[in-house]
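Taking it in order: structure first as structure tokens, then the write-up.
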There are 2 protein chains.
Amino acid sequence: MSGFERNLNIELVAKKAKVSTATVSRTMNGLGNVRPETAKRVWDAVRALQYHPNASARSLGSGRSRILGLIISDICNPFFPDLVKSFEDAALACGYEILLTNTNYDPDRMARCAQRMLERRVEGVAVMTSEMDQRMMEELANRSIPVVCLDSGVVENRISNIRVQYPHGIAEAIQYLYDLGHRRIGFLSGPANLGSARVRRSAFLKGLRKHHIAIEPELIQEGNHKIEGGEAAAHKLLAVSRPPTAILASNDLTAIGALRAIQQRGLRVPDDISLVGFDDIELSQLTGPPLTTIQLSRTEVGQKAFHALLTLLQGKSQRGEEYPVQTHLVVRQSTGHARSL
Amino acid sequence: MSGFERNLNIELVAKKAKVSTATVSRTMNGLGNVRPETAKRVWDAVRALQYHPNASARSLGSGRSRILGLIISDICNPFFPDLVKSFEDAALACGYEILLTNTNYDPDRMARCAQRMLERRVEGVAVMTSEMDQRMMEELANRSIPVVCLDSGVVENRISNIRVQYPHGIAEAIQYLYDLGHRRIGFLSGPANLGSARVRRSAFLKGLRKHHIAIEPELIQEGNHKIEGGEAAAHKLLAVSRPPTAILASNDLTAIGALRAIQQRGLRVPDDISLVGFDDIELSQLTGPPLTTIQLSRTEVGQKAFHALLTLLQGKSQRGEEYPVQTHLVVRQSTGHARSL
DNA sequence: TTGTAAGCGTTATCAG
DNA sequence: CTGATAACGCTTACAA
């Protein structure tokens with residue numbers, strides 16, 4: 001039952017099934033041009049020996065790795081698990097393996113990620129982070145590897161882009177706050193060096209202008225997209241001479257930090273101040289009070305990223321495309337009427 | 001600057017550096033037996049061509065994949081990201097690549113995970129989930145692949161185990177509740193078919209016995225380690241004729257569900273009822289009130305899992321070992337004195 | 001220190 | 001429908 005030959009390979013299977021290695025290969029790859037009887041003998045041998053073809057040899061022989069790269073910032077950031085899962089499930093369903101790498105927000109590490117992708121000869125890469133650098137893009141392009149980015153803005157040959165429609169959700173949020181009587185609205189931005197954070201910020205500014213609300217620099221504070229950063233930034237925001245009656249945060253973690261800061265100062269949400277997050281991570285339903293936030297479906301991003309890649313991979317057209325993903329306001333309990341002064 | 005030959009390989013590099021392919025290989029692998037001058041020529045060529053060795057060919061040629069498998073249940077379960085990250089960081093630092101797979105709590109999918117591992121010829125596997133099945137273990141054993149499990153209990157040749165010391169933390173929690181005057185302590189278990197859930201449950205029972213507290217079946221309800229399950233189970237627990245004054249949950253998600261149920265019933269935590277979670281996921285600091293919980297360091301689990309594998313991989317000894325990971329109570333604000341009746 | 005050449009386990013082409 | 005056999009790109013004795 002156990003007791004095993006040194007190296008189980010296609011030849012042993014062929015021998016056992018009394019066919020050539022070519023026939024084993026054809027059978028296992030379902031190429032169809034094998035007589036059913038023969039195929040059965042092959043499969044019996046495969047099962048009996050518990051044979052699993054060597055993926056490296058397969059890649060080398062066929063010239064196809066059947067691997068897709070997925071680059072994210074940090075799996076511990078609650079934004080990513082859903083995205084990873086949906087991308088992976090879609091890819092697996094199409095017979096692709098995933099090479100998942102984390103940049104940890106570090107350009108050096110991003111370079112290593114890219115290198116690992118190249119060494120494994122991935123057939124396409126989804127870059128769901130903004131640490132992407134130019135040199136890496138070139139190396140991928142030189143090798144004709146399709147890429148899909150998140151919010152990069154560029155669409156070229158073999159480069160597609162998932163474009164999150166920030167303005168829509170943010171406009172909804174500002175309109176909602178405006179209707180509740182809020183006129184002084186603060187913003188807790190993400191780190192200035194982060195592309196998506198900049199886009200969120202400018203969508204916010206545009207929203208204010210639409211309502212003819214003057215933009216006051218002191219009402220915009222920079223966080224780091226983490227709880228601590230949001231907490232610190234919110235403290236600054238609350239310390240100004242005329243603090244805002246409502247705060248919009250660049251992501252939910254920032255909002256949660258703000259929630260903490262607000263409560264530390266003895267203020268209540270939403271009675272004293274309204275708070276709106278961004279992303280709608282699981283966590284935002286669980287805070288006290290549950291967070292009003294702008295939803296961005298990570299599942300949708302992951303699925304679209306995969307399909308964008310698949311299209312580039314199978315497509316006759318090399319042209320990249322833009323895939324929009326909508327955002328919209330989800331009202332929960334962290335927002336309410338502006339307190340009359 | 002761009003414009004690229006069809007297939008960049010070691011031979012092109014050798015040609016450019018005016019050496020043999022063997023020398024390129026030796027240089028890039030840092031085997032040391034290359035004259036510095038020669039090495040420089042090689043590296044120059046590598047850089048100039050932007051050469052990245054083909055990992056598949058490498059595996060095939062050397063007979064070593066340099067890949068470690070990591071099997072988890074579900075990356076969206078907040079228990080796992082920390083574990084994955086610490087395992088991965090440790091592995092990367094030692095030059096190993098990771099093949100991460102999710103079982104989604106599904107035995108069929110677990111089988112596919114195992115198959116993918118086998119095809120990729122991973123050098124070791126960390127099975128951090130309990131869907132592990134016997135057949136898979138045998139296939140791995142047949143191929144002499146080291147395995148490290150989480151809470152499996154078995155330690156054999158080439159099989160190590162990370163043993164979480166549940167009893168310690170649970171005893172601490174019960175002692176703590178006991179000192180606060182609690183005598184009726186309920187338990188929200190995990191799914192009965194989950195190994196680690198069963199271990200947690202029996203550690204709880206043992207803790208009760210130590211304090212001579214009678215075990216009442218109606219004070220033990222089964223959840224599913226998710227929020228909804230905890231919520232439903234807690235409702236059952238609160239509906240009995242003499243409800244408990246304190247509840248211990250099998251994991252934090254369950255406790256969070258319980259928190260919800262308690263509040264839905266107009267009760268307050270900890271004034272009316274005390275609540276203790278398990279795991280100490282990030283989230284447990286963010287609930288209202290912050291959750292008293294039993295900490296289990298996922299980072300430690302991930303690191304120990306990797307080192308267990310490394311030991312098995314490098315070790316002269318084939319013998320598996322047991323690696324304990326301690327748990328301990330973290331008191332926050334969801335626990336207080338038992339309400340006098 | 002360097003080069004030559006035989007694998008490694010597949011796939012794919014080409015005959016039969 | 002099936003079988004030989006030449007790639008695929010690297011590593012690693014073995015020779016020089």
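Basis for what follows: all heavy atoms, side chains included, without hydrogens, waters or symmetry-related copies. Numbers restart at 1 for each chain; the letters A, B, ... are given by sequence-line order, proteins then strands.
When heavy atoms are screened at a 4.0 angstrom cut-off, A:Asn33 is found touching base atoms of the nucleic acid.
The shortest non-hydrogen separation linking A:Leu313 to A:Pro146 is CD1-CG, 3.4 Å.
Summarising the geometry, the separation between CZ on B:Arg64 and C1' on D:dC10 is reported as 15 Å, rounded to the nearest angstrom. Atom-to-atom, CD of B:Glu11 to C1' of D:dC10 comes out at 11 Å; the value is rounded to the nearest Å. Atom CZ of A:Arg121 is separated from atom P of D:dC8 by 14 Å (rounded to the nearest Å). Between A:Lys15 atom NZ and D:dT2 atom C1' there is a gap of 18 Å when expressed in whole angstrom units. One interatomic measurement links the two molecules: CG of B:Asn54 to P of C:dC8, which rounds to 18 Å at whole-angstrom precision.
Toward the 5′ end of DNA chain C lies the nearest nucleotide of B:Ser20, the other residue of the pair B:Leu60 and B:Ser20 mapping further downstream. When each of B:Thr38 and A:Tyr51 is assigned the nucleotide of DNA chain C with its nearest heavy atom, B:Thr38 is the one assigned upstream, toward the 5' end.
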Note to self: Counting primed atoms plus P, OP1 and OP2 as sugar-phosphate and everything else as base, spell out the protein contacts along nucleotides 11-16 of chain C at 4.0 Å heavy-atom distance: B, S or - for each nucleotide, 5' to 3'.
What the structure shows: SB----
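Between A:Asp89 and A:Lys85 there is no salt bridge, since none of the side-chain N atoms of the basic residue sits less than 4.0 Å from a carboxylate O of the acidic one. For the pair B:Arg66 and B:Glu97, the salt-bridge criterion is not met [side-chain N within less than 4.0 Å of a carboxylate O].
Put simply, B:Asn9 has a side-chain N or O that comes within less than 4.0 Å of OP1 or OP2 on D:dG9.
Pairs of residues two or more places apart, or lying in two chains, never qualify as salt bridge (Lys or Arg N to Asp or Glu O under 4.0 Å) while including a residue from residues 10-26 of chain B.
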Check: Does the pair A:Arg41 and A:Glu37 meet the rule for a salt bridge (Lys or Arg N to Asp or Glu O under 4.0 Å), with working shown?
Finding: CA-CA 7 Å; A:Arg41 284 217 313 283; A:Glu37 283 179 58; 5.6 Å; no
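Scored by the side chain to side chain donor-acceptor pair (under 3.5 Å) test, B:Arg112 finds no partners at all (sequence neighbours excluded).
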